[in-house]
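Okay, so here's the structure we're looking at.
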Amino acid sequence: MTAAIVILALLFVAFVALGVYAGVKAVKAAKRGVDRTLTQARRTVEDTTLRAKSYGQGGVPGELAQLRLSLRTSMRATQEALEAGAPEDASLQESLALFRRLSAHGHELDEELRRLERDPDRAKVAERLEGLRERTRRITDSADSLRWAARDRAQRFAQDDLDLLSTQIDVEAGALRHWTDPQTPDAADRGEPKAAPGQGRGAADTAAPRHDRTRVAWPEPADGPTPAQTWPAEAGADGEADARRDAGGGPADGSRPAITARDPRLGTGYPWQKSARPETTN
């Protein structure tokens, strides 16, 4: 019984401690959120005020407001660029450390410019404006250099990764189209596929037998006498034969015999002709 009471007491203390820890963490997170909101609101108000002074006021106050506005804008943009790229690129950690050192000089200059805005001696402030411009220019140039270097580095990495990804996609696309053949430049420009090696020769070889099949083989002549057929002789020979016939002589040697009709009993003919059937009489 005593052991159960001790265990329950320990569990109660543990739950209470866990609740207190969670409450403290929640309060701290809420406080950080409120501080962040207040800081952002204060920054927005200050930037708006400085922008209004730089455009609305002339002389020394307007010049000081312009210097503070350019300094704050450059430093804030550089801080955001470096903090955004530092988790992905370890090389930016050193750049971020250098920027923190530069930020110390920037905060010091911003505080000095703020004090000079409330200084009643405008002549003394005007004398120091040249040195303040030079300090502001050096700080902003350094910040801009770090910011653009970080952006160029990120852009270069993204371009290299995109080139590698494009190459891999082209290889994968070619592997998926494994049934196609590579195209020549001329065929690719015309949108025609390249002929496979030996395709033209194979087409010629297959075309020749196809043409041979259209030819009809003539049948061999049948056994037996075939009707003789002679072609007409030349015109001079015909005239000499007619003259000899008119003179009463026999047939000339160059006379042409009559062409005899084809004997239907012979077996010559075309393959597509059917054999003649004898007529039957009833």
query: Could Lys124 and Asp119 be called an ion pair, given the rule that one side-chain N must be under 4.0 Å from one carboxylate O?
result: no
Interatomic distance, Leu165 atom CG to Glu172 atom CD [nearest 0.5 angstrom]: 11.5 Å
query: Do Arg68 and Glu117 sit within salt-bridge range, that is, some charged N less than 4.0 Å from a carboxylate O?
result: yes
message: Once rounded to the nearest 0.5 Å, what's the spacing between atom CG of Leu71 and atom CG of Leu67?
response: 8.5 Å
message: Are there over 12 heavy-atom neighbours, none belonging to Glu134, within less than 6.0 Å of that residue's CD?
response: yes
- prompt: How far does CG of Leu113 sit from CZ of Arg72, to the nearest 0.5 angstrom?
  reply: 10.5 Å
message: Can you tell me if Arg138 has over 12 outside heavy atoms packed within less than 6.0 Å of its CZ?
response: no
- request: Please answer: with hydrophobic residues joined when any side-chain heavy atoms are less than 4.5 Å apart, are Val16 and Leu8 in the same cluster?
  value: no
field: Min side-chain heavy-atom separation Leu132-Leu64 under 4.5 Å
entry: yes
field: For the student: nearest non-hydrogen atoms of Ser103 and Met75, plus distance
entry: CA-CE, 3.4 Å
message: If you compare all heavy atoms of Ser142 against all heavy atoms of Leu102, which two are closest, and at what distance to 0.1 Å?
response: CB-CD2, 3.8 Å
message: Please report the interatomic distance CD(Gln159) to CG(Leu164), rounded to the nearest 0.5 Å.
response: 12.5 Å
message: Are the side chains of Leu82 and Arg147 in contact, using a 4.5 Å heavy-atom criterion?
response: no
- prompt: Once you round to the nearest 0.5 Å, how far does CG of Leu162 lie from CD1 of Ile169?
  reply: 8.5 Å
message: Contact between Leu109 and His105 at the side-chain level, heavy atoms closer than 4.5 Å - yes or no?
response: no
- prompt: Just wondering, are more than 12 heavy atoms of other shown residues or ligands nearer than 6.0 Å to CZ in Arg133?
  reply: yes
query: Going by atom types only, do Ser70 and Arg137 share a side-chain donor-acceptor pair under 3.5 Å?
result: no
- request: Say whether Val13 and Tyr21 are linked into one hydrophobic cluster, either directly or through other cluster members, by side-chain heavy-atom distances under 4.5 angstrom.
  value: no
query: If you look at every heavy atom in Leu92 and Ala150, which pair is closest and at what distance?
result: CD2-CB, 4.1 Å
query: Can we say Glu111 and Arg114 salt-bridge, meaning some charged N sits less than 4.0 Å from an Asp/Glu carboxylate O?
result: yes
- prompt: Out of Thr140, Asp141, Asp144, Thr136, which one pairs with Ser74 under the side-chain hydrogen bond (donor to acceptor under 3.5 Å, both in side chains) rule?
  reply: Asp144
- prompt: Does the pair Gln79 and Glu83 meet the rule for a side chain to side chain donor-acceptor pair (under 3.5 Å), with working shown?
  reply: CA-CA 6 Å; Gln79 182 179 4; Glu83 290 180 351; 3.1 Å; yes
field: Residue pair Glu112, Arg115: steps toward the side-chain contact (heavy atoms from CB on, under 4.5 Å) verdict
entry: CA-CA 5 Å; Glu112 185 176 356; Arg115 288 193 302 268; 3.8 Å; yes
message: Please report the interatomic distance CG(Leu116) to CG(Asp121), rounded to the nearest 0.5 Å.
response: 10.5 Å
